[in-house]
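Below: the structure, in structure tokens.
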Protein chains: 2
Amino acid sequence: MSKETVVSIGLSAAIVAVESEQPVVLVVAHDDSDDALPFGPFDPAHHRTLESGLRKWVGEQTRFDLGYTEQLYTFGDKGRHTPAGGDKGRHTPAGGDKSRHTPAAGEKDRQSGGARVVSVGYLALTRRVKEAPETQWRGWYNYFPWEDWRDARPAMIDSVILPALKKFVKDAPNAESAELRRERLNVCFGEGWDEERVLERYELLYEAGLVEEFHRDAGQVSRGPALGTPMLFDHRRILATAIARLRGKLKYRPVVFELMSPTFTLLELQRAVEALAGLRLHKQNFRRLVAEQGLVEGTGKFSAPARGRPAELFRFRREVLRERPAPGLRLGSRRTRAS
Amino acid sequence: MSKETVVSIGLSAAIVAVESEQPVVLVVAHDDSDDALPFGPFDPAHHRTLESGLRKWVGEQTRFDLGYTEQLYTFGDKGRHTPAGGDKGRHTPAGGDKSRHTPAAGEKDRQSGGARVVSVGYLALTRRVKEAPETQWRGWYNYFPWEDWRDARPAMIDSVILPALKKFVKDAPNAESAELRRERLNVCFGEGWDEERVLERYELLYEAGLVEEFHRDAGQVSRGPALGTPMLFDHRRILATAIARLRGKLKYRPVVFELMSPTFTLLELQRAVEALAGLRLHKQNFRRLVAEQGLVEGTGKFSAPARGRPAELFRFRREVLRERPAPGLRLGSRRTRAS
DNA sequence: CCAATTAATACTCATTTCGAGTATATATAT
DNA sequence: ATATATATACTCGAAATGAGTATTAATTGG
């Protein structure tokens with residue numbers, strides 16, 4: 001075993017909140033460069049665990065405490081370019097026909113002069129919303145406009161994405177590759193929207209050259225459409241992983257409540273879930289579900305809305321964690337328009 | 001940002017197969033030490049991705065190729081001791097009332113003289129079953145005997161685990177901690193067995209001092225019951241993570257097929273799923289499910305069993321991956337005895 | 001060849017969950 | 001008083017689930 005297995009560890013966090021029906025993510029925004037997730041190095045001398053390291057410098061950088069956190073994935077890819085060949089495995093977070101996995105790309109040059117960087121991505125949920133200097137909350141659909149189906153199927157899918165992906169299929173180097181690309185197109189943007197496949201879709205768009213990062217990583221000048229707001233390094237990829245994970249987790253763990261105030265109306269809860277899932281839900285059924293699951297309990301108090309009948313304020317019943325095996329909000333019923 | 005953020009990366013793999021109705025894992029077994037998962041350092045100079053590094057040395061060490069692989073979790077904890085205090089987050093793979101996360105414990109002393117080791121755990125599935133020298137396949141229920149409910153609820157739960165955990169609750173330092181422990185006991189071993197909570201259960205048993213690793217990590221001599229076969233470092237923890245992940249994934253991705261021969265009977269398929277889940281399933285409903293999902297297709301050929309009516313041989317229909325959003329084997333119907 | 005055995009396969013049925021409604025109640029603004 | 005916006009209750013058919021029974025097709029020991 002070689003002694004030179006020396007690398008440095010970078011920690012990135014997708015810190016998520018929900019504000020006025022929009023899912024937002026905390027980014028470090030500068031005028032002269034792309035938005036970045038808060039990130040920093042892991043200093044083994046001062047921290048016992050990766051997570052305590054994360055909490056420490058996130059605290060310093062953004063001045064607030066993380067609540068729920070969850071490790072997402074560790075990326076260790078060298079370089080930022082898209083290698084043509086593929087020794088890669090049959091699987092990984094998303095999977096593609098072209099080998100990519102170019103995540104921590106760029107950090108190497110930035111962080112610790114030349115050492116290889118392995119980056120560990122985290123998801124954090126919070127309801128605190130005070131910004132620190134240098135950081136700001138941005139709606140995550142700025143980065144993934146095709147992921148918000150709450151009002152309607154985003155028009156860009158038919159007008160831009162599908163034509164471009166069809167071309168991508170056509171341009172495949174050989175028949176086998178074309179077939180793979182066709183399959184992926186179908187899974188990602190074909191019949192039946194699976195809101196959890198955020199990462200797969202981003203990966204496909206990346207490989208098809210539809211996001212700016214692809215051209216940047218390849219050292220090219222971007223031509224043609226570039227969808228969504230780009231991010232620094234592979235941060236958009238980490239954010240995609242975070243959204244995918246959160247959308248999945250929603251269904252079997254009561255994680256939404258980490259994003260809610262201590263008390264809330266059922267509609268507020270529904271709007272938060274919809275914001276995260278990017279889908280509309282059937283109101284009556286949503287209530288039935290929440291009630292049946294015993295996820296909330298009434299407080300006896302009521303909201304004072306500008307218009308309309310006041311709704312009862314509820315609070316999360318922490319006890320469900322003991323009672324139910326998988327208390328979540330399986331969002332079966334999806335509708336395009338609210339009712 | 002400090003320049004001394006230097007660590008080395010260790011890669012460990014839980015390589016899983018199913019053999020004669022037993023889930024087995026590849027371990028490096030020596031007479032003079034505990035079983036270990038195959039593990040090795042990640043050499044950034046020679047590998048572009050973590051996964052290619054993994055494949056490389058697993059190939060060298062065990063002489064065979066990995067098929068499906070999936071990253072599990074990255075542990076970066078310092079030291080092997082169980083710290084009493086807790087600055088830890090509200091969540092992480094399992095979560096406990098006492099802070100632990102002591103995973104790569106020990107590797108630090110073993111691998112690269114003094115440098116901090118961060119270890120990345122992987123799950124790999126294979127149907128190849130040729131062992132290499134120094135390695136052997138062992139049934140995973142050797143390490144987790146309380147996880148196999150196929151024949152019956154394991155007797156050790158009532159005879160050993162529950163009494164010991166009740167004592168653990170009683171011994172809690174304060175009322176709040178006792179309540180937390182009681183909750184965890186209930187979630188892990190109470191009403192309604194959730195076969196996916198493998199890691200949570202292992203963590204609880206660890207903290208309660210019911211597995212040998214706890215005493216080893218604390219530098220104590222083990223007294224009282226020590227459940228299951230111990231493993232080196234935190235490898236049993238990684239294996240628990242692997243089992244939990246695999247049991248979960250079974251339900252929404254057709255991963256079992258990675259473990260099957262190219263053709264198989266439906267009963268063989270069911271037995272494999274049961275082996276992994278540690279549960280018995282309802283035969284007729286299992287078939288109905290598999291058929292409805294379009295997961296398999298008949299080959300027209302038949303098995304030649306020693307006794308009984310020959311069954312048709314089926315093969316996995318790779319096409320489902322395109323057709324269905326989440327083709328898996330939701331194992332709803334569980335029964336204690338086969339029918 | 002027959003009976004016992006082992007397993008495959010077909011079919012039934014009550015219960016629960018799901019998706020999508022309709023109907024009614026309770027607020028505020030005008 | 002009416003329009004509007006929301007909350008909440010209830011209904012109903014379709015589909016999925018859990019647990020059976022019944023029947024068929026093979027092998028093996030007498």
Side-chain angles (χ1 to χ4, degrees), chain A residues 21 192-193 195 251-252 263-271 273-274 277 279-314 324-339, chain B residues 21 192-193 251-252 263-274 277 279-314 324-339:
Chain A
E21 307 195 359
W193 182 254
E195 80 282 355
K251 292 171 191 158
Y252 60 95
T263 67
F264 45 83
T265 70
L266 293 183
L267 187 59
E268 283 165 2
L269 182 65
Q270 183 182 340
R271 293 292 180 238
V273 172
E274 289 174 338
L279 294 172
R280 286 288 167 207
L281 303 175
H282 184 282
K283 185 168 173 177
Q284 294 89 328
N285 292 349
F286 180 83
R287 283 154 177 268
R288 174 173 67 186
L289 189 71
V290 169
E292 274 171 2
Q293 298 255 38
L295 286 168
V296 297
E297 62 190 355
T299 61
K301 296 184 176 176
F302 288 80
S303 68
R307 287 185 291 278
R309 174 173 167 178
E312 188 169 4
L313 290 169
F314 290 80
R324 297 220 141 221
L329 296 162
R330 25 197 190 325
L331 9 145
S333 175
R334 19 186 105 163
R335 17 179 57 225
T336 306
R337 302 257 9 129
S339 74
Chain B
E21 308 196 1
W193 182 254
K251 292 170 190 158
Y252 60 95
T263 67
F264 46 82
T265 70
L266 293 183
L267 189 59
E268 283 165 0
L269 182 65
Q270 184 183 341
R271 292 291 181 240
V273 173
E274 289 174 337
L279 295 171
R280 286 289 167 205
L281 304 176
H282 185 282
K283 186 169 172 174
Q284 293 89 328
N285 292 350
F286 180 83
R287 283 153 178 272
R288 175 173 64 187
L289 188 71
V290 169
E292 273 172 2
Q293 297 256 41
L295 285 167
V296 297
E297 63 190 353
T299 61
K301 296 185 176 178
F302 287 81
S303 69
R307 286 184 292 278
R309 173 173 167 179
E312 187 168 4
L313 291 169
F314 289 80
R324 297 220 142 222
L329 295 162
R330 27 198 189 322
L331 10 146
S333 175
R334 11 183 110 166
R335 15 177 59 224
T336 307
R337 304 258 5 132
S339 75

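Naming convention: chains lettered A, B, ... in sequence-line order (proteins, then strands); numbering from 1 in each chain. Because the structure is predicted, anything quoted here is derived from the model rather than measured.
Under the salt bridge (Lys or Arg N to Asp or Glu O under 4.0 Å) criterion, B:E21 pairs with B:R271, sequence neighbours left out. Under the side chain to side chain donor-acceptor pair (under 3.5 Å) criterion, B:E312 pairs with no residue at all, not counting sequence neighbours. Every residue two or more places apart in sequence or in another chain was checked for a side chain to side chain donor-acceptor pair (under 3.5 Å) with A:E268, and none qualifies.
Between A:L289 atom CG and C:dT16 atom P there is a gap of 17 Å when expressed in whole angstrom units. In this structure, the CD atom of B:E312 is 15 Å from the C1' atom of D:dA26, given to the nearest Å. When rounded to the nearest whole Å, the span between CZ of A:F286 and P of D:dT8 equals 13 Å. Distance CG (A:N285) to C1' (D:dT11): 12 Å, rounded to an integer number of Å. For the pair B:Q293 CD and D:dT17 C1', the interatomic distance rounds to 13 Å; values are reported in whole Å. Taking atom CD on A:E292 and atom P on C:dG19, their separation rounds to 12 Å, with Å as the unit. Between the CG atom of B:L266 and the P atom of C:dA10 there is a distance of 10 Å, rounded to whole Å. In this entry the distance linking CG of A:L281 with P of C:dA20 reads 11 Å, nearest Å.
One finds no side-chain N or O of B:K283 lying less than 4.0 angstrom from the OP1 or OP2 phosphate oxygen of C:dA7.
Note that CG of B:L313 is 8.5 Å distant from NZ of B:K301, once rounded to the nearest 0.5 Å. We find the NZ-CG distance between A:K283 and A:L267 to be 5.0 Å, quoted to the nearest 0.5 Å. Note that NE2 of A:H282 is 8.0 Å distant from CZ of A:R288, once rounded to the nearest 0.5 Å.
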Under the side chain to side chain contact (heavy atoms under 4.5 Å, CB included) criterion, do A:F314 and A:L295 qualify, and how do the steps go?
CA-CA 10 Å; A:F314 290 80; A:L295 286 168; over 6 Å; no

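Summary of the strand contacts: A:A311 and A:R288 both lie near DNA chain D, and taking for each the nucleotide with the nearest heavy atom, the more 5' one is attributed to A:A311.
Base pairing of C:dT30 is made with D:dA1, judged by Watson-Crick or G-U wobble geometry with both donor-acceptor distances under 3.5 Å.
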Sort me out a list of protein N/O and nucleotides 22-26 of chain C N/O pairs below 3.5 Å, or just none if empty.
| from | atom 1 | to | atom 2 | distance (Å) |
| --- | --- | --- | --- | --- |
| C:dT22 | O4 | A:Q284 | NE2 | 2.7 |
| C:dA25 | N3 | A:R309 | NH1 | 3.0 |
| C:dT26 | O4' | A:R309 | NE | 3.4 |

